[in-house]
Each structure stands twice: as structure tokens, then as C-alpha cells.
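Down below is the structure, laid out as C-alpha cells.
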Amino acid sequence: MSDKFFKIFSAAIVGILFFALGTFEKTFAAPNSEVQWYWLKSDDKYSKFFDPDSVKVVKQARVLKKIKNAAGEIEETEKVVPTEIEAWTKTAYTYEGAAETISNYGINATLPDPKFLSYSLALFRINPQTRTIQYAREDFYNSKDQIIWSRADGPVKEIHSQSFDEDFYCAIVDEIFRQGEVDRKNAKDRWIDLWSYTNSEGYTTTVTGDTTTMQMKGTNLILWMWQETKNPDGKTVEIKFMKKAVNLPQGTEKMTEGKIWTPTTKNFREFTDDNKDSYKMIKSTDPEYKGLVRLRAYAKGYSTWVTRYSVS
């Protein structure tokens, strides 16, 4: 191999490597200081922002939809539905917010003093069909814009009313679909009454459904419910926060995830019901039957909303 050929060959290899590294950095590099962060929400612990320009579709599915044309004939049309979205977010911390975050992450040994945690940047990876997010990358910074702790490929989390990440999720998904996730999250009628029942001992149980979480999966309506029980004196004695799959035409339901609170517990803890993975028939004499009727009516009246990201 001649020296001239070797130099050309080496330059080509270096060029390819730089191109590959550059592509990697372009995909995973954090936003620079010129990013115009869009403010979402602030409280006494956190301020939340996201970068609208960073929102992009990573994966999508091609779905065949059957529609009725002007002549009343059924036609098939192809629709592309995003199934994975990425975007950068920013969280700024007060001292209390930093202390809480460090404790939640279990990194007290790495960051013993919360005053050194100023803000964090996170690359969100979102699946709108399952309402889940993953922190693909997360960097914690001090006030001098220096990274003091990082992690990649964080756990996958489902978004609901108790999620810290809900504001981020809704804003990012709205950038792609424009279906009103932010508006529904903030709507006065976000929670709808499903049923209420007072037993012979005077204990009243009330159940509401979170419309932001409603999505059809086949004939199942998936949603989170808030169930609160009060004693005859009006004191709350139990709260259940449950994710359920309600088969609307069959009139059956099952709980797929649940959290419970009682006055003797400090925080919510996970629980399972007696039916486990099996569906329970909702009888017309059950208090839950009123909720079934309400959910059927909602799914019919707001069919576009409950099928907004469907790929089935």
C-alpha cells in the first residue's frame, strides 16, 4: 500500500468516524444555551419548561382506516400515526425541590447538599398509545452550568394525574397531535362523576373517572379512577386510585393497577383486587352499573378523543 493511498484511506476512515460521532451527538446532545425554553408551570419547588423546537417523531405506524365516502361506500385509507416522540425538557429547582429530587433519586451520597443542584435537562421518549414516558437521558447541573450527575435509559413511567411529568407529557404530545391534551388536563370537567353509593352503615363511596387518561383499546376503555370512601361523619377513611379496563359492550371490568391510602398509611401503597387478571361482570343491580352507562355514553359522544392515538 503506497503512502499516498494510505493517507487517503486514513482520511476517509477518520471522516466516517467523525460523521458517525457527529450524528450521535446530534441525536443525544443536550440543547445549548441559546434554546428558548417554553415555560409550563411553577410552584414553590419546581419550574418546568420544554423546548418546542426539539420535539420530533422517532417512530410511526401506518394504519389502514375504513371510512365512508360521499356515496356511502366504504373505502380504505392509509394513515400515519406517531408511536414514539422525543423532546428536551428543563426543570429548575428551589432548595426544597432539589432536596426532594435528590431523595427520590436516592443520590444523597453523590449530592449531599441540595443547594448545589440548580436545574436538570432531560430527553423525554414518549409513547402516546400507552401514555408512557422514559427519561432517555438526564443531566443535573449546578449554577455554573456544570453537570454534577447524569443517567441514561431511566425507567418507563405511565402518565396520570399523580405524575410529576404530566405537564411535560401533555405539552409535548400536543406539539405533534394537536388534540388538546393540555386543555383537557386543565379542564374543569376533567374528572366526571361515575357513581356514588351509601351503604347501610352510612359509609359513602364516590367514584370519578379521569377523562385525560381515557383511550379505547379494542372494545376496552382504559382509564384511571379515583374512589373515595367517607364515614358517616364525612371523614375520608379510604382512597383508591385505580387503572381499569372496562369492556363497554360486554359490561365487564378489571383493575390492572391500583394504589390505596388509609389514615394509618403515610403514602399510597400498591394493592390488587380479588379478581386479579379476570374480568368482573357489572350487574344492573351493582352501584358500578351507573358508571358503566356513563362511560358508554362518554365513549360514544367523544369517540374522536378516546381513539385519538389509536393504531388498531
Side-chain angles (χ1 to χ4, degrees), residues 61 63 81 83 126-134 155-163 166 169 190-201 203-231 236-265 267-303 305-312:
V63 182
V81 181
T83 56
I126 292 175
N127 182 319
Q129 285 73 34
T130 57
R131 289 182 65 84
T132 56
I133 67 159
Q134 179 186 33
V156 176
K157 302 187 295 181
E158 182 176 355
I159 298 300
H160 48 63
S161 63
Q162 306 303 299
S163 302
E166 186 183 34
Y169 172 87
R190 167 179 178 164
W191 293 87
I192 60 173
D193 295 332
L194 296 179
W195 59 270
S196 182
Y197 175 73
T198 301
N199 65 18
S200 59
E201 297 177 350
Y203 285 78
T204 300
T205 298
T206 303
V207 179
T208 57
D210 187 357
T211 60
T212 69
T213 61
M214 291 182 182
Q215 291 197 59
M216 292 298 301
K217 304 289 184 182
T219 57
N220 280 334
L221 179 64
I222 311 298
L223 76 154
W224 281 85
M225 298 181 185
W226 186 270
Q227 178 174 309
E228 189 166 348
T229 300
K230 295 183 178 182
N231 64 18
T236 300
V237 295
E238 182 184 80
I239 295 174
K240 289 182 177 180
F241 186 51
M242 304 169 290
K243 181 183 179 182
K244 288 194 175 184
V246 182
N247 191 303
L248 298 180
Q250 292 184 9
T252 58
E253 68 172 15
K254 70 175 180 178
M255 189 188 78
T256 60
E257 186 176 344
K259 303 176 187 297
I260 188 172
W261 173 93
T262 62
T264 58
T265 59
N267 300 307
F268 278 87
R269 59 180 175 83
E270 295 185 2
F271 81 101
T272 57
D273 63 5
D274 296 334
N275 295 313
K276 295 184 178 180
D277 294 330
S278 60
Y279 281 86
K280 168 193 171 184
M281 177 65 70
I282 304 174
K283 301 177 183 178
S284 59
T285 54
D286 293 337
E288 296 92 337
Y289 190 78
K290 183 178 178 181
L292 173 62
V293 173
R294 185 73 195 276
L295 290 177
R296 283 171 172 169
Y298 192 94
K300 182 178 180 180
Y302 297 90
S303 60
W305 173 253
V306 298
T307 59
R308 57 198 182 280
Y309 313 132
S310 176
V311 294
S312 61

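Source: prediction; values computed, not measured.
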(message) Within the 4.5 Å heavy-atom criterion, are Glu158 and Thr130 side-chain neighbours or not?
(response)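 Result no, sub-4.5 Å side-chain heavy-atom pair not found.
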Find the distance between [atom1] ([X]) and [atom2] ([Y]) and round it off to the nearest 0.5 Å.
X: Met216; Y: Trp305; atom1: CE; atom2: CH2; result: 15.0 Å
X: Glu238; Y: Asn231; atom1: CD; atom2: CG; result: 12.0 Å
X: His160; Y: Arg131; atom1: NE2; atom2: CZ; result: 9.5 Å
X: Ile159; Y: Glu166; atom1: CD1; atom2: CD; result: 7.5 Å

(request) Check the pair Leu223, Leu295 against side-chain contact (heavy atoms from CB on, under 4.5 Å), reporting the backbone distance first and the verdict last. (result) CA-CA 10 Å; Leu223 76 154; Leu295 290 177; 4.0 Å; yes
(request) Enumerate the residue pairs fulfilling side chain to side chain donor-acceptor pair (under 3.5 Å) with a member in residues 203-212, sequence neighbours excluded, ordered by first and then second residue. (result)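 Qualifying pairs: Arg184-Thr211, Arg190-Asp210, Arg190-Thr212, Ser196-Thr206, Thr198-Thr204, Thr205-Thr229, Asp210-Thr212.
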(request) Return the set of residues passing ring-ring contact (aromatic ring centres under 6.0 Å, His included) with Tyr302 (not counting sequence neighbours), or none when no residue passes. (result)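 Tyr302: ring-ring contact (aromatic ring centres under 6.0 Å, His included) contacts with Tyr298.
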(request) Could I get the full list of ring-ring contact (aromatic ring centres under 6.0 Å, His included) partners for Trp226, not counting sequence neighbours? (result)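 By the ring-ring contact (aromatic ring centres under 6.0 Å, His included) rule, Trp226 matches Phe241, Phe268.
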Identify the two heavy atoms, one from [X] and one from [Y], that lie closest to each other, and give their separation to 0.1 Å.
X: Trp195; Y: Gln227; result: CZ2-OE1, 4.2 Å
X: Tyr309; Y: Pro128; result: CD1-O, 3.6 Å
X: Ser310; Y: Val81; result: O-CG2, 3.9 Å

With a 3.5 Å cut-off and sequence neighbours excluded, list the donor-acceptor pairs that the side chains of residues 248-261 form with protein atoms.
from   : atom 1 : to     : atom 2 : distance (Å)
Glu253 : OE2    : Lys244 : NZ     : 3.0
Thr256 : OG1    : Lys243 : O      : 3.3
Trp261 : NE1    : Thr265 : O      : 3.4

(request) Look only at the side chain of Asn220 and the backbone of Ile222, and say whether a donor-acceptor pair between them is shorter than 3.5 Å. (result)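 A pair under 3.5 Å: no.
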(request) Output every pair passing salt bridge (charged side-chain N to carboxylate O under 4.0 Å, His left out) with a member in residues 217-230, not counting sequence neighbours, ordered by first then second residue. (result)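 Checked against salt bridge (charged side-chain N to carboxylate O under 4.0 Å, His left out) - neighbours excluded - no pair reaches residues 217-230.
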(message) Applying salt bridge (charged side-chain N to carboxylate O under 4.0 Å, His left out) as the test, list every pair that has at least one member in residues 284-303; sequence neighbours left out.
(response)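 Qualifying pairs: Lys280-Glu288.
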